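Structure first, then comments.
Chain identifiers are assigned alphabetically (A, B, ...) following the order of the sequence lines, protein sequences preceding nucleic acid strands; residue numbering begins at 1 within each chain. These figures come from a predicted structure and were not determined experimentally.
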There are 2 protein chains.
Amino acid sequence: MAEGHGSAIGGENLLFLTDEQLRKGIEAMFFAYRGFTADPDRILEAHGYGRAHHRALHFINRTDGTTVNNLLSILGVTKQSLNRVLRTLIEDGLVESRVGRTDRRERNLFLTEAGEALERELSEAQRERMRAAYRAAGPQAVAGFRQVLEAMMDDEIRRQYYSLRDRRA
Amino acid sequence: MAEGHGSAIGGENLLFLTDEQLRKGIEAMFFAYRGFTADPDRILEAHGYGRAHHRALHFINRTDGTTVNNLLSILGVTKQSLNRVLRTLIEDGLVESRVGRTDRRERNLFLTEAGEALERELSEAQRERMRAAYRAAGPQAVAGFRQVLEAMMDDEIRRQYYSLRDRRA
DNA sequence: CTTGGAATGTCAACAACGCTGACATAAAAT
DNA sequence: ATTTTATGTCAGCGTTGTTGACATTCCAAG
């Protein structure tokens with residue numbers, strides 16, 4: 001073994017755990033998230049909405065008929081914050097709020113056709129970027145990407161993520 | 001070939017490009033970013049700062065002596081936004097602003113000892129989560145994670161990310 | 001039936017952090 | 001000497017998060 005060029009710390013298997021590698025991962029996460037939101041942000045701005053509207057549209061589309069409370073726990077914001085966003089979406093005719101059938105205190109949320117159209121526009125832009133990244137990196141990298149992201153979530157969030165995973169094709 | 005259980009669309013190699021897989025990746029990114037920022041957010045709140053302060057501390061620490069303009073382009077915000085954050089950090093004695101030597105219009109930014117201490121506290125919390133995620137996922141997953149993230153960045157941002165990569169141990 | 005609690009909505013106020021626009025200053029560049 | 005560049009500052013605005021207080025509706029338990 002000649003000079004050290006990476007074999008320090010604890011064997012090459014642990015090289016990916018050096019502070020330097022971790023910092024690179026942190027910066028990659030920061031910069032990538034900017035890209036991740038860039039395309040939807042442009043579309044939203046043209047419609048006079050913000051990211052919060054996107055999130056609401058996404059998860060209402062995702063779990064059709066969800067209650068306000070369920071949406072709150074997924075989004076991790078207060079009801080007042082969500083309410084403000086939801087109200088504009090309802091006023092603008094993108095979301096419909098129906099009184100619950102079994103419990104009439106609850107409201108079930110649905111996208112209207114206009115809401116579905118905007119959701120599709122937003123998610124297609126975001127999917128297109130994700131698709132390009134996936135294609136560039138390849139299937140094995142994608143599997144690793146998902147593994148690391150899932151390990152990075154808070155426990156409770158991860159449970160919500162899993163319980164959300166395989167609904168509705 | 002019996003019944004279809006995944007072999008549709010375009011061969012299993014392309015299964016990771018289905019809209020369903022892409023949507024899962026999008027949601028993973030959303031939820032993981034929450035975890036990514038959760039620990040620093042708690043620390044920042046205790047000190048009366050926000051995420052913007054964290055970012056400024058991180059990149060000043062990263063590229064010691066950087067100019068305000070350079071920091072602006074890395075962070076992707078306006079000088080007015082950055083200035084507000086920078087002013088409080090300077091007032092609180094976490095950041096020092098020195099007049100440039102070659103060009104005295106420029107200001108070179110440095111962390112004070114107190115600034116370095118807070119930066120270390122923040123980044124150690126964030127690294128700890130990243131370390132746990134990396135350890136859980138393994139080196140191969142980490143490589144894939146980084147590949148996908150890099151592919152997801154805007155071109156210009158990716159250049160900045162690369163040019164930032166290997167400075168200073 | 002009355003009371004308590006859960007789910008929701010609304011109003012007010014506030015903070016963080018983006019943005020634009022306008023203007024001042026200092027120094028470099030022409 | 002004039003223009004441009006880099007920076008700072010002030011004022012104002014928008015989105016989206018926060019708390020706190022209070023009204024309404026309705027289920028459920030006493």
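Residues B:Arg107 and B:Arg105 approach most closely at NH1-O, 2.8 Å, considering heavy atoms.
Rounded to whole angstrom, the span from the CZ atom of A:Arg107 across to the P atom of D:dT24 amounts to 14 Å. Computed from coordinates, the A:Gln80 CD to D:dG17 P distance equals 12 Å when rounded to whole Å. Atoms CZ (B:Arg87) and P (D:dA11) sit 11 Å apart, rounded to a whole Å. In this structure, the CG atom of B:Leu72 is 16 Å from the P atom of D:dT5, given to the nearest Å. When rounded to the nearest whole Å, the span between CG of A:Leu86 and P of D:dG17 equals 12 Å. Between the CD atom of B:Glu91 and the C1' atom of D:dT9 there is a distance of 12 Å, rounded to whole Å.
Nearer to the 5' terminus of DNA chain D, by closest-nucleotide assignment, is the contact made by B:Thr67 (compared with the other of B:Thr67 and B:Arg84).
Side-chain contact of B:Asp92 with B:Thr88: a donor-acceptor pair under 3.5 Å is absent, judged by distance alone. Inspection of the B:Gln21 and A:Arg146 side chains reveals an N or O donor paired with an N or O acceptor under 3.5 Å. Checked by atom type, the side-chain pair B:His58/B:Ser123 shows no donor-acceptor distance below 3.5 Å.
Between chain B and DNA chain C, the heavy-atom contact criterion of under 4.0 Å yields a 5' to 3' nucleotide range of C:dA16 to C:dA28.
Applying a 4.0 Å cut-off to non-hydrogen atoms, the residues of residues 42-51 of chain A that approach DNA chain D are A:Gly50, A:Arg51, listed by residue number.
For D:dT15, neither phosphate oxygen OP1 nor OP2 lies less than 4.0 angstrom from any side-chain nitrogen or oxygen of A:His53. At the phosphate of D:dT7, OP1 or OP2 sits under 4.0 Å from a side-chain N or O atom of B:Asn69.
Both B:Leu75 and B:Leu72 are assigned to one and the same hydrophobic cluster, defined by single-linkage of ILVMFWY side chains at heavy-atom distances under 4.5 Å.
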Margin query: For a ring-ring contact (aromatic ring centres under 6.0 Å, His included) check, start with the C-alpha distance between B:Tyr33 and A:Phe30, then their side-chain angles and the critical distance, and finish with the verdict.
Written below: CA-CA 9 Å; B:Tyr33 200 79; A:Phe30 171 66; 7.8 Å; no
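For D:dT5, its base sits under 3.5 Å from the side chain of B:Arg105 at one donor and acceptor pair at least.
For A:Gln140, the CD atom sits in a loose shell: 12 or fewer heavy atoms of surrounding residues, nucleotides or ligands are nearer than 6.0 Å.
Taking the centre and axis of the six-membered ring of A:Phe36, the NZ or CZ atom of A:Arg129 falls outside the cone set by 45° and 6.0 Å.
Once rounded to the nearest 0.5 Å, the distance linking CD of B:Glu150 with CZ of A:Phe31 reads 11.5 Å.
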